[in-house]
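Reviewing the structure listed below.
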Amino acid sequence: MSVILSWEIMDKCMFLRSWLQSIVRNLSQLQISLHPTNLNLSEKFSRYIPGAARLCSVMFLYRILAGMSIKTEQDAVQAMKLLQERGAKNVVLSSGELGREKDVMITMGMSETGEVFRIEFPRLEANFVGSGDVFAALLLAWSKKHPGNLQLACEKTVSSLQAILKLTLSSAEALAKGGTPDIGQLELRLIQSKAEIETPPTGIVKSGKLEDI
């Protein structure tokens, strides 16, 4: 339900272990990260929404939790407002199309002050496993680094994640030798992306307040 820590990976990558352990030790706020594998979501998780410092989920679950169809950015904003009315402080939609170009994905967020922002980034044609967990972990880390600036935390989260996914896809395509990469070949290259996790690359995302883009 929250950030998943893989000790096997962290034993091989000490910078991640110390970084995440430090975050967990100092964590004083609740972050809820919801994924489609959880069933009966509306009943099971609605009781955790009040008081959540950050509510982070994909489009599928926002439709369930908000009880409404979400097809446009205006729909997403309305859904985020509903979730804030139920007690969540900061709300983040990790990814969605929202009627835009098919090769563009969007992350949207609403801070506890009511500011709404959107982040555009290129769609990558592959089915990655674990990207939602990485998004949640990065968002938690950058939110602690930049308290009160949800937009910046999301920008750094998306930038690092996109760099990880691009490296993963490039490596997987090389292994597939012209074929379609399988799930094993698409294992996220977290250790190889150490630099991109620590220092998110620039120029990958387009970000701004909703009314500015």
Side-chain angles (χ1 to χ4, degrees), residues 1-37 52-59 61-62 80 88-96 105-112 117-124 126-169 171 186-207:
M1 188 180 71
S2 187
V3 179
I4 298 175
L5 304 180
S6 174
W7 293 107
E8 180 180 354
I9 292 176
M10 287 193 289
D11 281 337
K12 299 177 182 177
C13 193
M14 296 304 295
F15 85 96
L16 273 178
R17 181 171 186 170
S18 60
W19 185 37
L20 291 177
Q21 283 182 328
S22 175
I23 290 169
V24 171
R25 281 197 304 268
N26 293 288
L27 182 60
S28 60
Q29 294 178 311
L30 171 67
Q31 169 168 305
I32 299 177
S33 175
L34 303 178
H35 301 279
T37 52
R54 286 167 295 279
L55 180 61
C56 171
S57 180
V58 295
M59 180 76 71
L61 295 180
Y62 271 111
M80 289 189 288
K89 296 179 181 179
N90 298 283
V91 183
V92 176
L93 171 63
S94 61
S95 64
M105 298 294 288
I106 295 173
T107 288
M108 292 186 68
M110 178 179 289
S111 70
E112 59 184 320
F117 60 88
R118 63 191 298 278
I119 302 171
E120 290 184 1
F121 54 96
R123 172 194 286 276
L124 299 177
N127 293 318
F128 300 99
V129 176
S131 57
D133 297 324
V134 175
F135 187 102
L138 290 171
L139 179 60
L140 176 60
W142 289 118
S143 293
K144 295 294 290 183
K145 183 73 172 179
H146 302 290
N149 196 336
L150 183 64
Q151 182 176 342
L152 179 57
C154 284
E155 288 173 4
K156 291 189 174 184
T157 294
V158 175
S159 293
S160 285
L161 181 56
Q162 281 295 103
I164 294 168
L165 297 183
K166 285 182 177 181
L167 176 59
T168 297
L169 182 57
S171 300
L186 285 168
E187 181 179 356
L188 298 182
R189 290 353 188 235
L190 294 175
I191 296 174
Q192 297 88 335
S193 301
K194 175 182 182 295
E196 290 76 13
I197 292 173
E198 292 181 315
T199 307
T202 60
I204 292 181
V205 305
K206 178 182 178 182
S207 177

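Here, residue 1 is the first one in the sequence, and each next residue gets the next number.
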- Query: Can you name the nearest heavy-atom pair linking Arg54 to Leu140, along with the distance?
  - Reply: NH2-CD1, 3.5 Å
- Is there a side-chain contact between Leu169 and Phe128, using heavy atoms and a 4.5 Å cut-off? yes
- Message: Does this structure show an ion pair linking Glu120 with Arg118, if we count only N-O contacts that are shorter than 4.0 Å?
- Response: yes
- Should Leu139 and Val92 count as side-chain neighbours, where that means a heavy-atom distance under 4.5 Å? yes
- Note on the structure: In this structure, NZ of Lys156 is separated from CD of Gln151 (nearest 0.5 Å) by 12.5 Å
- Nearest heavy-atom contact between Leu165 and Ser131 is CD2-CB, 4.2 Å
- For residues Ser111 and Asn90, report the shortest heavy-atom separation together with the two atoms involved. CA-OD1, 3.3 Å
- Item | Leu152 versus His146, closest heavy-atom pair with distance | CD2-ND1, 3.6 Å
- Task: Give a yes-or-no answer on whether the side chains of Ser160 and Glu196 include a donor-acceptor pair shorter than 3.5 Å.
- Result: no
- Item | Euclidean distance, Gln162 CD relative to Leu124 CG, rounded to 0.5 Å | 5.0 Å
- Beyond-backbone contact of Phe135 with Val158, side-chain heavy atoms, under 4.5 angstrom: yes
- Assess the side chains of Glu187 and Thr168: does a donor N or O sit below 3.5 Å from an acceptor N or O? no
- Query: Are the side chains of Leu190 and Ser193 in touch, meaning some heavy atoms are under 4.5 Å apart?
  - Reply: no
- Item | Phe117 side, atom CZ; Asn149 side, atom CG - distance, nearest 0.5 Å | 8.5 Å
- Message: To check you understand the geometry: which heavy-atom pair defines the closest contact between Thr157 and Ala153, and what is its length?
- Response: OG1-O, 2.8 Å
- Query: Of the non-hydrogen atoms in Ile164 and Arg189, which two are nearest, and what is the gap between them?
  - Reply: CG2-O, 4.3 Å
- Message: Does any part of the side chain of Pro122, heavy atoms only, come nearer than 4.5 Å to the side chain of Met105, both counted from C-beta?
- Response: no
- If you measure from CG on Leu161 to NZ on Lys166, what distance do you get to the nearest 0.5 Å? 11.5 Å
- How long is the gap from CD1 on Ile119 to CD1 on Ile106, to the nearest 0.5 Å? 10.5 Å
- Do Trp142 and Cys154 come close enough that some side-chain heavy atom pair is under 4.5 Å? no
